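To start, the structure itself, in structure tokens.
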Protein chains: 2
Amino acid sequence: MAVANAAVKILMEAPVPEKRMRNRAATEQAILDAAKRLLAEEGFQNFGINAVARGAGCDKQLIYRYYGGLDGLVEAIGADLGSWVKDRIPDDTGGMFLLTYGDLMERLALLFLDALRADPLMRRIVAWEVSENSEQVRRLSEARSKALAGWIERMRGSLTPPKGIDAQAVNAMIFAAIQHVVLSATLSNQCAGLVLKTARDWEKASTALKRIVRGVYG
Amino acid sequence: MAVANAAVKILMEAPVPEKRMRNRAATEQAILDAAKRLLAEEGFQNFGINAVARGAGCDKQLIYRYYGGLDGLVEAIGADLGSWVKDRIPDDTGGMFLLTYGDLMERLALLFLDALRADPLMRRIVAWEVSENSEQVRRLSEARSKALAGWIERMRGSLTPPKGIDAQAVNAMIFAAIQHVVLSATLSNQCAGLVLKTARDWEKASTALKRIVRGVYG
DNA sequence: CTTGTTACTCACCGCTCGGTGACAGATTGG
DNA sequence: CCAATCTGTCACCGAGCGGTGAGTAACAAG
């Protein structure tokens, strides 16, 4: 029995020569990558110690040792979110000069829409934020909020909103709309009766978004 | 040991004379109520057969028998959602005549905002919709969508949107904004940097919403 | 080679989950 | 009266979860 098991073990491990080395840094990275991949692909529902360890191909004990458990790992994901800003800032303003606050917000809204559509991890985090209120998700939420605020700040330049308009409240509504539309469409290809499947459908959404922004800021 | 257990059992059951009767209809209702309560209060995360049975004070076997499992129970909740429409339709138009499509949409938006804020079950369902794509939530989502569409239809009357505007897309954005703002605020008292705690804060949100609607529809 | 330290694995714990089969007591029909 | 049916309870299954303590293999220093 023991002999047979040993034989099986050898046979199983033979075609896997690329065995991970004894390398703490690499293992930590593998764990973090697995966590992000798992969260992005499977969502927060089945996100747990066992699943991450399985995904990283190591023992869960290492997650406790290197990250202090799931909480610490989630925090590490949050820290990684800071890089989101850098990746999403285009070098130029898309060939147009942002003369007015309306120009800026229209561009920000469309950029954010596309960025969120293209980023499954960020989408899962947003969904998590509106579904749970644990300490974990609160820190993650804070990191995302900071990253987003920083992104907007860097894009804003010196433009200021028109007087007489509560831009913070209006912008919150606009960004809320984008987030919910993208989340809803990702899972069900529609939002509030509006089908969002083809590029043509999304054009409609963009147009509506522009119209809303322009309606408020001119 | 067995004798001691029996004694304990008698002692524990003694002060509970209000034993539920043998009454299938009442038990079914108790299960459904418990399910709705649980979903509304705890969210979909810990929503399961065991939890519902515990909440209803009966054995989970009865849920399988009477509803055919969790799926059937969720479907029953969805069927119940139809009553949402009736509860949320005010008899009058709030003392104002809805002369324009803008009037209508402003009123609908504000009504929907308040209704969602006041309805924890509906909020949990919306959060569920953007977090999971199981068959369960898809049916629930469909029921909610139908209820909402019917509600809007009955409020709309004979008003039609202005030409040249993709009202369906714009309205989807507006309703998406409301849903996300309410969800986010419920769990974290803020949305996209906008604090939403006091009635004063919510006034700001309402004002912004009105401004957006009026900006589009005049 | 010996001795520690570091990186990593394994076996096991208690618990809850969804799901099922067997059974007990009340009710009803003949 | 017995028998069937309905309502409800209970014990149990395998599986997966988060978490932990003990052990093992690689490496560096002496």
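Every value quoted in this text rests on a predicted model; they were computed, and no experiment measured them.
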Is there a side-chain contact (heavy atoms from CB on, under 4.5 Å) between A:Thr207 and B:Asp166 once you walk through the steps? CA-CA 9 Å; A:Thr207 302; B:Asp166 186 350; over 6 Å; no
Kindly indicate, with the supporting measurements, whether the criterion side-chain contact (heavy atoms from CB on, under 4.5 Å) is fulfilled by B:Glu129 and A:Ser188. CA-CA 8 Å; B:Glu129 283 176 23; A:Ser188 63; over 6 Å; no
Between C1' of D:dG18 and CD of A:Gln61, the distance in whole Å: 12 Å
In residues 65-73 of chain B, which residues come under 4.0 Å of DNA chain C by heavy atom? none
Pairs flagged by ring pair (Phe, Tyr, Trp, His ring centres under 6.0 Å) wherever residues 189-211 of chain A is involved - sequence neighbours left out: none
Ion pair B:Arg139/B:Glu142, N-O distance below 4.0 Å: no
Lys/Arg-Asp/Glu bridge criterion (N-O < 4.0 Å) met for A:Arg156, A:Glu153: yes
Nearest-Å distance, CD1 (A:Ile31) to C1' (C:dA7)? 11 Å
Side-chain N or O of B:Tyr64 less than 4.0 angstrom from OP1 or OP2 on C:dG19? yes
Show the numbers, then the answer: is there a side-chain contact (heavy atoms from CB on, under 4.5 Å) between B:Leu110 and B:Leu209? CA-CA 8 Å; B:Leu110 296 182; B:Leu209 196 54; 4.2 Å; yes
Aromatic ring pairing A:Trp128/A:Phe44, orientation class (parallel under 30°, perpendicular over 60°, tilted between): parallel
Using OP1 and OP2 only, check whether a side-chain N or O of A:Arg24 sits under 4.0 Å from C:dA7. yes
Give me the distances for all protein-to-nucleotides 14-17 of chain C N/O pairs that come in under 3.5 Å?
unit_1 : atom_1 : unit_2  : atom_2 : d
C:dC17 : OP1    : B:Arg54 : NH2    : 3.3
C:dC17 : OP2    : B:Arg54 : NH2    : 2.7

In whole Å, I'd like the distance from the CG atom of A:Asp59 to the C1' atom of C:dT6. 16 Å
Rounding to 0.5 Å, atoms CG (B:Leu187) and CZ (B:Arg123) come to a distance of 8.0 Å
So for A:Arg22 and C:dT6, does any side-chain atom that can act as donor or acceptor lie under 3.5 Å from a complementary atom in the base? yes
Check the distance between C:dG18's P and A:Gln45's CD and give it to me in whole angstrom. 13 Å
Rounding to an integer number of Å, can you tell me how far A:Asn23 CG sits from C:dT9 C1'? 17 Å
A:Thr27 vs C:dA7: side-chain N/O to OP1/OP2 distance below 4.0 Å: no
Pairing donors with acceptors under 3.5 angstrom, does anything connect the side chains of A:Glu132 and A:Ser134? yes
